[in-house]
Amino acid sequence: MKRIGIIGAAGYTGEELLKILSKHNGVQVAFATSERRGGVGVAQLFPHLPMYNDLKLCTADEALGRDVELVFTCLHAGESVKWAKKFLDRGVRVIDLGSDFRFKTPAAYDEWYNMRHPHPELLCDAVYGLTEWYRDDVREAKVVGNPGCYPTSVLLPLLPFLRAGLVADAPIIVDAKSGVSGAGKKPGETTHFVSVNENLSPYKVGRVHRHVGEMEKEMRAFGGGMNIVFSPHLTPLTRGMLSTIYFQLAGQKSRDELFAVVDDAYANEPFVHILRDRLPNMKMAQNSNFCFIGLVKPAGVNQVILFSAIDNLGKGASAQAVQNMNCMLGFEETKGLL
Ligand SMILES: NC(=O)c1ccc[n+]([C@@H]2O[C@H](COP(=O)([O-])OP(=O)(O)OC[C@H]3O[C@@H](n4cnc5c(N)ncnc54)[C@H](OP(=O)(O)O)[C@@H]3O)[C@@H](O)[C@H]2O)c1
């Protein structure tokens with residue numbers, strides 16, 4: 001049994017990690033932290049997780065001395081890295097579900113997060129945890145920046161076409177919908193039940209959402225210099241994410257040739273499924289680590305429309321983090337996830 005810890009276990013992604021890891025027979029959760037709920041039993045806070053009957057939440061400070069191989073940090077921007085640094089200094093490997101290790105340069109982080117990175121010296125060692133594209137690096141990584149939910153849902157369908165040089169040099173339009181848990185546990189005016197229920201709201205439209213920088217950074221790594229125009233929406237759902245991506249095709253390709261590009265990229269991937277005869281929807285991916293991808297080539301225009309469905313808390317956060325943990329600790333990549 002490998003011992004792991006969770007910093008920020010009382011939030012949505014922390015709770016999801018506890019749930020997934022309770023079914024993973026290769027690891028033991030040695031600590032789970034909460035600043036506000038230190039001393040409370042995990043099973044008391046989350047009655048659907050009675051298997052943690054013996055585990056009490058502790059503060060992150062109390063957790064520091066504990067003997068673990070790997071820690072998940074599930075905190076907001078600027079907070080995760082502070083704890084990650086303390087564990088890395090003790091030789092513990094880290095997977096950050098937040099955004100503190102997704103950029104390679106402090107300048108990019110400062111630009112998109114509008115704050116100075118507290119430990120820029122750690123960025124050069126960080127590996128971007130989009131497992132299907134970086135698994136060799138993830139295996140060896142000391143610290144992994146788990147991708148954002150929107151970037152996961154956009155990059156998985158798009159990267160095969162960028163790598164193949166099939167995306168024309170024109171802005172890529174992304175229209176995406178997320179369940180409300182994507183906004184975290186702290187309620188705000190726009191995430192309040194009354195605002196969200198029976199409603200559908202665009203927010204941070206254009207090129208202002210922080211995930212635009214993360215998506216474009218990865219697009220550049222695969223040869224795409226174009227920009228993203230991004231319209232995220234809040235849907236009246238607890239969890240789930242559906243992204244629709246429009247790009248202009250470079251050259252001429254048939255529908256079958258386009259499918260061959262994604263089929264080739266993901267032929268041996270257990271968590272990425274290409275749908276040929278139907279389009280993805282949110283429910284397909286809920287409570288899973290799957291990404292379902294669909295493709296339409298509309299008649300009369302040299303355009304491609306990609307669709308992808310994931311669970312923002314699954315492949316978009318905690319389940320992908322466990323997939324990365326499996327790579328890092330030498331487990332079967334699907335362990336605890338199928
Ligand atoms: N929600 C999603 O779908 C999703 C998807 C991908 C990535 N993410 C990212 O994952 C991270 C966590 O998201 P979340 O949705 O789980 O957030 P959340 O539900 O708001 O939970 C965050 C947790 O952080 C703890 N916390 C806050 N400040 C802290 C500090 N200074 N020291 C220690 N703990 C602190 C809080 O718990 P206590 O007060 O109990 O300690 C809270 O439980 C964020 O960076 C988010 O952007 C979220």
Side-chain angles (χ1 to χ4, degrees), residues 5-20 31-42 44-46 56-64 71-87 94-103 109 112-113 115 118 128-130 144-155 176-188 191 204 209-211 213-215 232 234-235 237-243 282 285-289 291 310-324:
I6 302 173
I7 300 286
Y12 286 141
T13 58
E15 177 183 1
E16 189 69 12
L17 271 176
L18 284 163
K19 191 175 91 183
I20 296 168
F31 65 75
T33 79
S34 166
E35 301 311 296
R36 286 171 303 148
R37 294 192 174 87
V40 175
V42 169
Q44 189 185 341
L45 182 62
F46 300 126
K56 279 194 172 23
L57 293 161
C58 63
T59 65
D61 248 335
E62 288 166 347
L64 256 188
V71 159
F72 295 95
T73 46
C74 305
L75 307 180
H76 291 276
E79 293 299 328
S80 276
V81 62
K82 294 179 190 163
W83 291 105
K85 159 99 176 117
K86 293 179 197 218
F87 282 97
V94 171
I95 299 176
D96 177 30
L97 282 81
S99 39
D100 290 345
F101 293 96
R102 295 178 191 161
F103 289 100
Y109 180 89
W112 288 99
Y113 284 84
M115 66 172 122
Y128 190 62
L130 192 66
V144 166
N146 213 57
C149 44
Y150 285 123
T152 298
S153 77
V154 171
L155 294 169
K177 279 112 190 152
S178 174
V180 190
S181 59
K185 214 164 202 176
K186 198 172 170 192
T191 56
K204 294 188 182 164
H209 194 287
R210 290 165 162 184
H211 286 171
E214 185 182 332
M215 292 188 268
L234 213 51
T235 65
L237 297 165
T238 301
R239 54 198 293 166
M241 181 161 281
L242 187 78
S243 291
M282 278 195 193
Q286 267 166 3
N287 296 297
S288 82
N289 191 42
C291 173
I310 63 167
D311 186 323
N312 57 292
L313 291 172
K315 185 65 171 162
S318 308
Q320 180 155 238
V322 171
Q323 191 181 353
N324 285 324

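One-based numbering along the sequence shown. Every number for a ligand or one of its atoms is a count from 1 in the order of the listing.
- Residue-to-ligand polar distances keep S99 apart from ligand 1: every N/O pair is separated by 3.5 Å or more.
- In this structure, atom 20 (O) of ligand 1 is in close contact with the protein, since a protein heavy atom lies within 4.0 Å of it.
- If you number the atoms of ligand 1 from 1 as listed, the ones under 4.0 Å from a heavy atom of G98 come out as 45 (O).
- Under a 4.0 Å criterion applied to the non-hydrogen atoms of E79, ligand 1 contributes the atoms 30 (C), 31 (N).
- Applying side chain to side chain donor-acceptor pair (under 3.5 Å) to S181 and the options N312, D311, T238 leaves one that passes, N312.
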Evaluation steps, side chain to side chain contact (heavy atoms under 4.5 Å, CB included), between F87 and I7: CA-CA 11 Å; F87 282 97; I7 300 286; 3.7 Å; yes
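- Contacts between H76 and ligand 1, counted as non-hydrogen atom pairs separated by less than 4.0 Å, involve both the backbone and the side chain.
- A donor-acceptor contact closer than 3.5 angstrom links the side chains of T152 and Q320.
- At a 3.5 angstrom cut-off on N or O pairs, N312 counts as close to ligand 1.
- The proximity of A60 to ligand 1, defined as any non-hydrogen pair under 4.0 Å, does not occur for either the backbone or the side chain.
- Partners of R210 by side-chain contact (heavy atoms from CB on, under 4.5 Å), not counting sequence neighbours, listed by chain and number: A77, Y113.
- Residue G316 has at least one heavy-atom neighbour below 4.0 Å for each of these atoms of ligand 1: 5 (C), 6 (C).
- There is a protein heavy atom less than 4.0 angstrom from atom 15 (O) of ligand 1.
- Residue G11 has at least one nitrogen or oxygen atom sitting less than 3.5 Å from a nitrogen or oxygen atom of ligand 1, judged on distance alone.
- At a 4.0 Å cut-off, at least one heavy atom of S181 sits close enough to ligand 1 to count as contact.
- The contact set between ligand 1 and A317, taken as ligand atoms under 4.0 Å from a residue heavy atom, comprises 5 (C), 6 (C).
- Of all the atoms in ligand 1, the ones that sit under 4.0 Å from a non-hydrogen atom of L97 are 7 (C), 8 (N), 9 (C), 10 (O).
- Here's the thing with R102: none of its N/O atoms is less than 3.5 angstrom from an N/O atom of ligand 1.
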